[in-house]
Every structure is written in C-alpha cells, then in structure tokens.
K.L.:
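Input: one structure, supplied below.
Just so it is clear, the structure is predicted and the values come from calculations on it, not from any experiment.
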2 protein chains.
Amino acid sequence: MKTSISVAIVEDKEAIRQSLAILVDGADGFVCRLTFETAEDALDQLTREPVDVVLMDIDLPGMNGIECVRQLKPRCPQTQFMMCTVYDEDETVFDALKAGATAYILKRSPPHKLLEAITELHEGGAPMSSTIARKIAGSFHVSPSASNELDVLTTREREILDRLAKGHSHKEVATELFVSPTTVRKHIFNIYEKLQVHSRVEAVNKYLGRK
Amino acid sequence: MKTSISVAIVEDKEAIRQSLAILVDGADGFVCRLTFETAEDALDQLTREPVDVVLMDIDLPGMNGIECVRQLKPRCPQTQFMMCTVYDEDETVFDALKAGATAYILKRSPPHKLLEAITELHEGGAPMSSTIARKIAGSFHVSPSASNELDVLTTREREILDRLAKGHSHKEVATELFVSPTTVRKHIFNIYEKLQVHSRVEAVNKYLGRK
DNA sequence: CCGACAATACCGCATTTGTATGATTTTCAG
DNA sequence: CTGAAAATCATACAAATGCGGTATTGTCGG
C-alpha cells in the first residue's frame, strides 16, 4: 500500500475545522496529522513536523493565513499550501500565490472536490476554482493598447513623470528642469488627463507598467 | 435544447486536424465550425466569423499560433483560445498567456479530457495541465530574500502601504479597512519614519522594490 | 504584573496637490 | 507661412497630505 498524504488544517472556526479533519482522515489515502486554530500555532509546530499538504484558512484572528504561508514556505519548501476561502473574486489570490501558496479553493467546494484537489496538489498540480484560474491566466494578458498608452505623452511630460516616479515634488522637478512650479503642475495635470488618473501614485504605476 | 459550443481548429498536420474535427463535431453539445491549416488563414476568417473556442496549435508553418492569438484576441474578445502543444515545460506557456490565450493543454490528452477542457474554458475557467498550472502558480512566488527593509513594518502598516501602492487616498484606505482616516494618516506617518521617506511615491517605490 | 509596542483616534497647522480657467510664446509639420 | 500642438506662466480654491503632539486600548513577552 502506498503511503497516505499527510495533511494539516489551519482554521479558527471549530465546526469547520472538525468537519474538514473528519473528511480528510476518513478518506482513503489521506491522514489528517495536525489541526490548528491560529497561524501562530501552525507556524510553531509545522516547522518541526512538516506535512505534505496544509489547508490554510485566510481569515484568521491574529496573523492571517497568507502571512503564515509566507513565513512557513521557506522553512518547509516541500510542503504544499492550499488556501481555503469564502471569497473568490479577491485580490488576495495573488497575494497568496506570491506568499507561496499553490492552490486556492473555495470553502463551499463539495467534499470530493476537496479531496481531489489535495491529491492533485500533492501530485504536482495547482488546483484552482474556475474563476480563480481565469483571473490568474488573464493577469498575464498584455493588451497591445495598454503598452502604448504612454505614447500619447510628450517628451516633456515623460521627463516630468520620470521625476515624479522618483518621488520628487513639483517644486523639486521645477528646479531640476529650470521652469516654474506652475508649469510643472500644468504638465502633471495634462499627464493625468492623458493617462486617466487622479494621483501621482496611479500615474507612476501606469508609467512603470504595474497594476 | 441549449446552443452548442462553436469551435474552430488551427492545425497544420492533416491527420491531427481531421481527427480533432471529428472528435469535436461528433460530441454532443459541440460543433466544429471551421478548420485552418495556417495562422494566416485563421486570422483572415475568424475575424469575420467568430466562434466560441479556438483550438490553436503553436508550432505552425509561417506565423506561429501565439502570434496568431495575439492578433486575433483584440478583434474577437469574446472568443476563448486554447493552445495545444506537445511540449509541456516550455517558456512558451507564458508567451501564450500574454498573447491572450486562456487555456493550455497537451496534445496527448485523452479525447474526453479535451472536450471537458473546451467546456470548462467556455464556462469561464482556464483549463491547464497540472504541470503547467503549477508552473504558473509558482511564477508568482517571491522569496522573502529580496525584501528585508520592509520587515520593520507591522502587518497593519503593510496592509495600508499595499493600498497606497494601488493609488488609493487615505480616505479610501480608511473606508476599506473600516477605520478612521486619522488612523490611516497616523499609520502612513509611521511608515514614512520607518522607511525614511517623505512621500507616498517614495514609500511605494521602496515597498515594490523599485529604485 | 509590567513595560513595550501596535492599533486606534483626535486636533491643528503649513504645505502640497488636484482641479479649473486663462494666456503667451515656441515649435514644428503641412 | 500658418495653424495646431507643446511648453511656458499666472491666479485661485478646495482637498489631500506631511508633520507634530497627545491619548486610550489591547496584546504580548519577559
């Protein structure tokens, strides 16, 4: 017989934690090794006793699940982390992936789907809900229009935006370019209109091509 | 009766194209509307007659499948593109996603898997092979070695900085985090002290690791 | 238990910034 | 040459921001 997949669960709500544990432990080929109520507990224990897969709730009291993964992943590189959440259309997906999670599923997934996901994760996959997967795939897409958005800017406007990107104030930019602060502000205003933004940070983000 | 999913196939090898067409057209709920031997042909025709899903081979004579998607996607935003390839561990995955593809499967996938993938793609998912999905998820992972100056920030401060980085004002952040604007400003002030900066843009630059 | 620290919140002030309106000069392509 | 676009500058106002001080509450490690 093949070795079972060892699982740990981090979930603050008693009822959910229990039922997850029972589900996993009851299924063939899985064993629920550890359960935790808080990220802090998990952090402490999982470093010493690594498991194959960790089911991690995101919304935990104290340290949240994402932060927990961020700290745990470097210390247990072989452990795979699956985020469990109730929200599916959140920015947190990307934060979770950045932190080192490899799977992201919804709590309302049916039990057999959950077990399938654990298996898939353990076998080298990255199970995600449909909408999440689509979101992730879409995040790579670069529309050809977006990259050229800066083309509408004049040379002078780019010079100014470049300095704004370094954190300079309009007065500083004015001094650097030997023009009046008023002029710089006018340019900034024009830049905002062209880029359709309303603040420095937004403008700089577009300029440096981040979202 | 529900409308069938309309499919187009772009594949230069006669035998494969034929068998794919027969598979799709023969299955319930699918209809193979068009087939093409080259990217150029597809480009010409698909703009006028959009379909729901396009199965796109990557390795085509002349223009490759990825370039074809790049040009087709902006003109048929509602069409979903599924790349079909024989290699699974290629850098081309990311290029395909950037170009606008939403699915990436292997040619050696069993027929029923292919049909499943088409359905999933059409219903808002992003079907990928396990290894591909893992590769994509992993590409987001940032190891904590890169950033260390941010360690002095508390969790709350990071949350706030994260939103500042998206261009939100202190009022917006306050609303998002359900606290008073005054509190947010205080946090921002503390962040500035810790990071040794004096403006939002500078703080965001440090946060995102720009120089 | 206590001290350090995080998070919360308020008041206030000077400056910067975002927005608007208007005008003059330079530059450059048709 | 000529008109459009770019660059320049000014004034004005409301809002946002940066900076300072102060205070309460809660948590956590020692």
Side-chain angles (χ1 to χ4, degrees), chain A residues 12 36-45 59-64 66-68 71 148-207, chain B residues 149-207:
Chain A
D12 59 322
F36 304 98
E37 264 186 73
T38 69
E40 287 80 359
D41 291 348
L43 210 51
D44 181 55
Q45 189 93 4
D59 198 17
L60 296 167
M63 183 187 294
N64 70 44
I66 293 178
E67 189 53 38
C68 185
Q71 298 193 30
N148 298 350
E149 200 165 13
L150 301 169
D151 289 0
V152 294
L153 298 183
T154 67
T155 312
R156 198 54 157 175
E157 285 165 350
R158 262 189 287 270
E159 270 183 302
I160 288 171
L161 189 44
D162 193 67
R163 285 167 168 84
L164 288 187
K166 289 173 183 148
H168 300 181
S169 73
H170 61 123
K171 279 192 179 178
E172 290 170 328
V173 176
T175 307
E176 290 159 24
L177 299 180
F178 309 106
V179 293
S180 145
T182 328
T183 305
V184 176
R185 297 186 66 194
K186 178 68 170 174
H187 281 307
I188 295 174
F189 183 67
N190 291 135
I191 291 169
Y192 287 178
E193 277 198 322
K194 290 184 179 178
L195 297 186
Q196 303 259 57
V197 298
H198 307 278
S199 77
R200 276 161 154 67
V201 174
E202 286 180 300
V204 170
N205 280 345
K206 287 219 172 187
Y207 179 58
Chain B
E149 196 169 12
L150 303 168
D151 289 359
V152 292
L153 298 183
T154 67
T155 310
R156 199 51 160 175
E157 285 165 351
R158 262 190 289 269
E159 272 183 300
I160 287 171
L161 190 43
D162 192 67
R163 284 165 169 87
L164 288 188
K166 288 171 185 149
H168 300 182
S169 72
H170 60 130
K171 279 193 179 177
E172 291 170 327
V173 176
T175 307
E176 290 159 22
L177 299 181
F178 309 106
V179 296
S180 141
T182 328
T183 305
V184 175
R185 298 185 63 191
K186 180 64 172 174
H187 281 305
I188 294 174
F189 182 68
N190 292 138
I191 292 169
Y192 287 177
E193 279 196 323
K194 290 184 179 177
L195 297 186
Q196 302 262 55
V197 298
H198 307 279
S199 77
R200 276 160 154 68
V201 175
E202 285 180 297
V204 170
N205 280 345
K206 287 219 174 190
Y207 178 60

K.L.:
Thr183(B) side chain N/O closer than 4.0 Å to the phosphate oxygens (OP1, OP2) of dA9(C)?
P.N.:
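So the side-chain polar atoms of Thr183(B) do come within 4.0 Å of the phosphate oxygens OP1 or OP2 of dA9(C), strictly under.
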K.L.:
What integer distance in Å separates Ile191(B):CD1 from dT8(C):P?
P.N.:
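To the nearest whole Å, that distance equals 12 Å.
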K.L.:
Just wondering, do Val184(B) and Leu177(B) contact through their side chains at under 4.5 Å, heavy atoms?
P.N.:
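Counting from C-beta outward, Leu177(B) and Val184(B) never come under 4.5 Å.
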K.L.:
By the 4.0 Å heavy-atom rule, please label Ser180(A) as base, sugar-phosphate, or nothing.
P.N.:
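Answer is sugar-phosphate: Ser180(A) comes under 4.0 Å of backbone atoms only.
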K.L.:
Using atom CG of Asn190(A) as one end and atom C1' of dT8(D) as the other, report the distance to the nearest whole Å.
P.N.:
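So the CG-C1' distance, Asn190(A) to dT8(D), works out to 11 Å.
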K.L.:
Would Arg158(B) and Asp162(B) pass as an ion pair if we require N to O under 4.0 Å?
P.N.:
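The answer is no: the pair does not qualify as a salt bridge.
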K.L.:
Rounded to whole Å, please give me the gap between CG in Asp44(A) and C1' in dG29(D).
P.N.:
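These atoms are roughly 14 Å apart.
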K.L.:
Taking only the side-chain heavy atoms of Phe189(A) (C-beta and beyond), determine which of dT8(D), dC19(D), dT19(C) contains the nearest atom.
P.N.:
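The answer is dT19(C).
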K.L.:
Taking the side chain as every heavy atom from C-beta outward, state whether Lys206(B) and Glu202(B) have any atom pair closer than 4.5 Å.
P.N.:
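A side-chain contact under 4.5 Å is absent here.
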K.L.:
Could you tell me how far apart Leu153(B) (CG) and dC5(C) (P) are, to the nearest whole angstrom?
P.N.:
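Result: 15 Å.
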K.L.:
Decide yes or no for Met63(A) and Leu43(A): does some side-chain heavy atom of the first lie under 4.5 Å from some side-chain heavy atom of the second?
P.N.:
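Yes, their side chains come closer than 4.5 Å.
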K.L.:
Is any side-chain heavy atom of Ile188(B) less than 4.5 Å from a side-chain heavy atom of Val173(B)?
P.N.:
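Answer no - side chains too far apart.
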K.L.:
Nearest-Å distance, CD (Glu202(B)) to C1' (dG18(D))?
P.N.:
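Glu202(B) atom CD is separated from dG18(D) atom C1' by 12 Å.
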K.L.:
Once you round it to whole Å, what is the distance between P of dC19(D) and CD of Glu193(B)?
P.N.:
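Result: 9 Å.
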K.L.:
Grab the NZ-C1' distance between Lys186(B) and dG18(D) for me, whole Å please.
P.N.:
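In whole Å, dG18(D) C1' and Lys186(B) NZ are 12 Å from each other.
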K.L.:
State, with a plain yes or no, whether a side-chain heavy atom of His170(B) is found less than 4.5 Å away from one of Arg200(B).
P.N.:
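In short, these two side chains touch, coming nearer than 4.5 Å.
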K.L.:
Considering every strand and a 4.0 Å limit on heavy-atom distances, what is the contact class for His198(B): base, sugar-phosphate, or nothing?
P.N.:
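Touches sugar-phosphate only.
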K.L.:
dA6(C), OP1 or OP2 - any side-chain N/O from Thr155(B) closer than 4.0 Å?
P.N.:
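For dA6(C), neither OP1 nor OP2 has a side-chain N or O of Thr155(B) closer than 4.0 Å.
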K.L.:
Residues two or more places apart in sequence or in another chain: which of them pass side chain to side chain donor-acceptor pair (under 3.5 Å) with Lys194(A)?
P.N.:
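Testing Lys194(A) for side chain to side chain donor-acceptor pair (under 3.5 Å), a comparison that skips the adjacent residues, returns Glu157(A).
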K.L.:
Rounded to whole Å, how long is the line connecting atom CZ of Arg156(A) with atom P of dT27(C)?
P.N.:
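To the nearest whole Å, that distance equals 12 Å.
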K.L.:
What's touching nucleotides 13-17 of chain D from the protein side, N or O pairs under 3.5 Å?
P.N.:
unit_1, atom_1, unit_2, atom_2, d
dA16(D), OP2, Lys171(B), NZ, 2.8
dT17(D), OP1, Arg200(B), NE, 3.3
dT17(D), OP1, Arg200(B), NH2, 3.2
dT17(D), OP2, His170(B), N, 3.3
dT17(D), OP2, His170(B), NE2, 2.9
dT17(D), OP2, Arg200(B), NH2, 3.4

K.L.:
On DNA chain C, compare the nucleotides closest to Ile188(A) and Glu157(B); which residue's is nearer the 5' end?
P.N.:
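It is Glu157(B) whose nearest nucleotide is closer to the 5' end.
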